Amino acid sequence: MTHVSTSDRVFAKNFAIMLGALVALACVLFVLAQIVAAQVPTEDRAEIEAKKDALGERISPVGQLVVADSSGSAGGMTQVASAAVDGKATYDTACAVCHAAGVAGAPKLGDKAAWAPRIAQGADTLYEHAINGFPGTVGFMPAKGGNVSLTDDAVKAAVDHMVKAAQ
Ligand code: HEC
């Protein structure tokens, strides 16, 4: 098999040229991809983020549903804070144990007199006390009701649920 025909050599040469061209093309495409990727402007990135956020809102309607049906008038504060979490469900599982019956001085759900001065402190203070815990004058409110696995938003939604019940 030592004989190499002219056509074989021509083929080998063309093949090598083709191969070289393809490698070069791959390199060009790679460089081009880098350039394009680097040029996606920050506004577009912001737009992509915004789209992701909008998608997140669309696929987590649970909180909105609860907000809408737990009372006729959904307060603005409530809507913002409980966009993705079910305040009543969190209250039922993590807070009702004390707040339903008023255990150890906990202000009872729906007890307007007990809640009015607390609500007057402002939502941020209530959130802060519920999330981080609060050694009050009547009793001791444990951080997140003792359920540290709750997210801050879940606790806020539960606070909103209690505040609403006392209004
Ligand atoms: C172990 C009992 C217990 C559990 C569980 C509990 N709380 Fe409390 N909470 C209290 C007590 C007691 C107080 C009153 C403290 C005081 O003012 O002396 C209180 C007060 C509060 C206040 C009022 C804070 C203020 O500044 O006046 C909020 C808001 C609150 N709790 C939210 C929650 C939320 C939300 C949950 C569930 C995630 C929860 N609590 C679970 C016992 C509890």
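First listed ligand is number 1; within each ligand, the first listed atom is number 1. Because the structure is predicted, anything quoted here is derived from the model rather than measured.
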For [X], counting its heavy atoms only, list the atoms of ligand 1 lying under 4.0 Å from any of them.
X	result
A104	12 (C)
T137	16 (C), 18 (O)
A158	35 (C)
Q121	25 (C), 26 (O), 27 (O)
V138	16 (C), 18 (O)
R118	14 (C), 16 (C), 17 (O), 23 (C), 25 (C), 27 (O)
H129	24 (C), 25 (C), 26 (O)

If every non-hydrogen atom of D111 is compared with every non-hydrogen atom of A166, which pair is closest and at what distance? O-CB, 4.4 Å
Please report the shortest heavy-atom distance between A130 and V155, naming the atom on each side. CB-CG1, 3.6 Å
Supply the atom-to-atom distance [X] [atom1] to [Y] [atom2], rounded to the nearest 0.5 angstrom.
X	Y	atom1	atom2	answer
L126	Q121	CG	CD	5.5 Å
E128	D152	CD	CG	10.5 Å
K88	M162	NZ	CE	12.5 Å
F11	M18	CZ	CE	8.5 Å
T151	K144	OG1	NZ	6.5 Å
L150	K156	CG	NZ	13.5 Å

Answer with yes or no whether the hydrophobic clustering places M141 together with W115; edges join I, L, V, M, F, W, Y residues whose side-chain heavy atoms lie under 4.5 Å apart. no
Where is the nearest protein heavy atom to [atom]: which residue, which atom, and how far?
atom	answer
atom 15 (C) of ligand 1	G139 O, 3.6 Å
atom 41 (C) of ligand 1	G145 CA, 3.4 Å
atom 4 (C) of ligand 1	C98 SG, 3.3 Å
atom 35 (C) of ligand 1	M162 CE, 3.4 Å
atom 37 (C) of ligand 1	C95 SG, 1.8 Å
atom 22 (C) of ligand 1	W115 CH2, 4.0 Å
atom 16 (C) of ligand 1	G136 CA, 3.4 Å

For the side chain of H99 and the backbone of P107, is there at least one donor-acceptor N/O pair under 3.5 Å apart? yes
Select one of side chain, backbone, both or neither to describe which atoms of [X] lie under 4.0 Å from any atom of ligand 1, heavy atoms only.
X	result
K144	backbone
M141	both
V97	side chain
F140	backbone
P135	neither
A106	both

Within less than 4.0 angstrom of ligand 1, does K156 place any heavy atom? no
Can you find a non-hydrogen atom of G105 under 4.0 Å from ligand 1? yes
Run the side-chain contact (heavy atoms from CB on, under 4.5 Å) test on H161 and L109 for me, step by step, so that the C-alpha distance in whole Å, both residues' side-chain angles and the decisive distance to 0.1 Å come before the verdict. CA-CA 9 Å; H161 174 70; L109 185 77; 4.2 Å; yes
Could you tell me whether [X] and ligand 1 have an N or O pair separated by under 3.5 Å?
X	value
T90	no
V155	no
V103	no
T125	no

What I want to check is whether the side chains of Y127 and D160 have a donor and an acceptor closer together than 3.5 Å. yes
Strictly by modelled atom types, are N147 and S149 linked by a side-chain donor-acceptor pair under 3.5 Å? yes
In terms of its nearest heavy atom to atom 14 (C) of ligand 1, the top option of G146, G102, A123, P107 is P107
Name the orientation class of the two ring planes belonging to H129 and F134 (parallel below 30°, tilted from 30 to 60°, perpendicular beyond 60°). parallel
To atom 8 (Fe) of ligand 1, the closest N, O or S atom belonging to H99 is NE2
